[in-house]
Amino acid sequence: MRILTIDTSAIASAALLDFDPQDPVKTAELVANFATVDTRSQAEELAPGVKSLFTDPVAEGPALDAIIVGTGPGPFTGLRSGIAMARTLSFTWGVPLHGMMSLDALAQQVFDTPKKDSAGRALGPLAMGDFVIATDARRKEVYWAKYSAGAHLLDGPHVGPAADIFGVPVFGAGAGLYEEVLVGNRCTVHAPLAHAQPTALELGRAAIRKITAAGSLEGAGLLDSTPFYLRESDAKVPGPRKRAL
């Protein structure tokens, strides 16, 4: 099975992955991958980035088994660009479209990352219990969700100040931005993932974990492509004009 994953909840990224949904032991093969560094140029970077994953998009696109898009939470403009791209490609190529919460990508990365000693030896899972993923929501707030040690969603997503999070390990760019506040709330911040952003590659790995656990794409319980904005839009419909006296 080959899937295209797209996420623009923070940076712009996309990935092509091959895997066998009937074989959870076999490692998924990364066919191609692209990711930006900038969190404010998703619309400009995404289309050429996705195109670069294919030798012949016209022939290879319709052969995909699914497109999976990160549904946020994230800022309006950036998040919209990825979802609009995924919907357009799904319609044009006739390929099924599914969504996943973007924070799941970082939760999967935490699940896959071992804790190491000073000599680089793996000591066990990075998260031994419940943990929080937090990303930058701007306006001095974070998008966050709570996960079990097995990277299963327990609570969220939410948007609010980092001061709302207490007593758990916190991973993601939000942890790095508000480390002092979080440590003051008895949270722990792990340096290797304190500035990590959701990526399409990790989103794909999280999706593959769900699909292989279910044995099929249809049984994986993936979302639709409805975005998690969590805030009202700043753009408002103008009210009626006042009558001149």
Side-chain angles (χ1 to χ4, degrees), residues 1-39 41-72 74 78-79 81-114 151 193 196-225:
M1 179 177 287
R2 177 170 290 192
I3 59 173
L4 168 66
T5 56
I6 295 172
D7 191 274
T8 55
S9 62
I11 63 172
S13 59
L16 274 177
L17 294 141
D18 277 345
F19 67 102
D20 183 351
Q22 302 298 322
D23 188 355
V25 177
K26 185 178 179 181
T27 303
E29 178 189 353
L30 174 61
V31 179
N33 181 44
F34 120 89
T36 64
V37 176
D38 183 15
T39 61
S41 61
Q42 295 94 336
E44 297 88 346
E45 301 285 352
L46 185 59
V50 170
K51 185 179 179 181
S52 72
L53 305 182
F54 299 91
T55 303
D56 182 0
V58 175
E60 296 171 43
L64 293 170
D65 292 286
I67 297 171
I68 297 173
V69 64
T71 55
L79 189 57
S81 64
I83 293 174
M85 168 71 75
R87 288 173 175 173
T88 299
L89 294 177
S90 171
F91 176 79
T92 303
W93 290 338
V95 173
L97 174 64
H98 301 274
M100 281 191 70
M101 187 167 70
S102 300
L103 300 180
D104 289 354
L106 281 175
Q108 182 65 37
Q109 189 172 355
V110 171
F111 180 78
D112 288 339
T113 303
L193 295 179
Q197 303 281 17
T199 66
L201 175 57
E202 296 300 336
L203 190 77
R205 288 174 173 158
I208 288 169
R209 187 175 173 219
K210 287 178 178 285
I211 295 166
T212 53
S216 70
L217 179 65
E218 295 74 21
L222 301 179
L223 306 174
D224 62 24
S225 62

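All values derive from a computational prediction rather than experimental measurement.
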Novice: State, to 0.1 Å, how close Ser225 and Val69 come at their nearest heavy-atom pair, and which atoms those are.
Specialist: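 Heavy-atom minimum between the residues: CB-CG1, 4.0 Å.
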Novice: Without swapping roles, check the side chain of Thr88 against the backbone of Ala84 for a donor-acceptor pair under 3.5 Å.
Specialist: yes
Novice: State which residues pass side chain to side chain donor-acceptor pair (under 3.5 Å) with Asp112; sequence neighbours excluded, sorted by chain then number.
Specialist: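 Result, side chain to side chain donor-acceptor pair (under 3.5 Å) vs Asp112: Gln108.
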Novice: Test Val110 against Leu193 for side-chain contact (heavy atoms from CB on, under 4.5 Å), laying out the working first.
Specialist: CA-CA 8 Å; Val110 171; Leu193 295 179; 3.8 Å; yes
Novice: Would you mind listing every salt bridge (Lys or Arg N to Asp or Glu O under 4.0 Å) that reaches into residues 8-19, with sequence neighbours excluded?
Specialist: Arg2-Asp18
Novice: Could you pull out every donor-acceptor pair under 3.5 Å between side chains of residues 94-101 and any protein atom, sequence neighbours left out?
Specialist:
none

Novice: If I compare all heavy atoms of Ala105 with all of Thr199, which pair ends up nearest, and what's the gap?
Specialist: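 Smallest interatomic distance, heavy atoms only, reads CB-O, 3.7 Å.
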Novice: Any idea which heavy atoms bring Gly204 and Ile3 closest together, and the distance?
Specialist: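 Minimum heavy-atom contact is O-CD1, 4.3 Å.
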Novice: Show which side-chain atoms of residues 50-57 pair as donor or acceptor with protein atoms under 3.5 Å away, not counting sequence neighbours.
Specialist:
unit_1, atom_1, unit_2, atom_2, d
Ser52, OG, Gly49, O, 2.6
Asp56, OD1, Val58, N, 3.3

Novice: Got a sec, which pairs hit salt bridge (Lys or Arg N to Asp or Glu O under 4.0 Å) with one end in residues 199-217, sequence neighbours left out?
Specialist: Glu202-Arg205
Novice: Of all the heavy-atom pairs spanning Ile83 and Gly70, show the shortest one and how long it is.
Specialist: CG1-O, 3.9 Å
Novice: Apply side chain to side chain donor-acceptor pair (under 3.5 Å) to Thr113 and list each qualifying residue two or more places apart in sequence or on a separate chain.
Specialist: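 Here no residue qualifies.
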Novice: Please name the pair of heavy atoms, one in Ala151 and one in Phe111, separated by the smallest distance, quoted to 0.1 Å.
Specialist: CB-CB, 3.9 Å
Novice: Sequence neighbours left out, what passes side chain to side chain donor-acceptor pair (under 3.5 Å) with Gln109? Give chain and number order.
Specialist: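 Gln109: no side chain to side chain donor-acceptor pair (under 3.5 Å) contacts found.
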Novice: Go through the structure and list residues passing side chain to side chain contact (heavy atoms under 4.5 Å, CB included) with Thr8, not counting sequence neighbours.
Specialist: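 Applying side chain to side chain contact (heavy atoms under 4.5 Å, CB included) to Thr8 gives Ala12, Gln42, Leu46, Ser81.
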Novice: In chain order, what residues pass the side chain to side chain contact (heavy atoms under 4.5 Å, CB included) check against Pro114, with sequence neighbours excluded?
Specialist: Lys116, Ala122
Novice: For Ile6 and Leu4: C-alpha separation, side-chain torsions, deciding distance, then whether side-chain contact (heavy atoms from CB on, under 4.5 Å) applies.
Specialist: CA-CA 7 Å; Ile6 295 172; Leu4 168 66; 4.2 Å; yes
Novice: So which atom in Ala200 and which in Thr5 form the shortest heavy-atom distance, rounded to 0.1 Å?
Specialist: O-OG1, 2.8 Å
Novice: Using distance only, find each side-chain donor-acceptor pair of residues 21-35 under 3.5 Å and give its atom names and separation, not counting sequence neighbours.
Specialist:
unit_1, atom_1, unit_2, atom_2, d
Gln22, NE2, Gly215, O, 2.6
Asp23, OD1, Val25, N, 3.2
Asp23, OD1, Lys26, N, 3.3

Novice: When you measure from the side chain of Ser9 to the backbone N and O of Gly72, does any donor-acceptor pair fall under 3.5 Å?
Specialist: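 No, Ser9 side chain to Gly72 backbone: no donor-acceptor pair under 3.5 Å.
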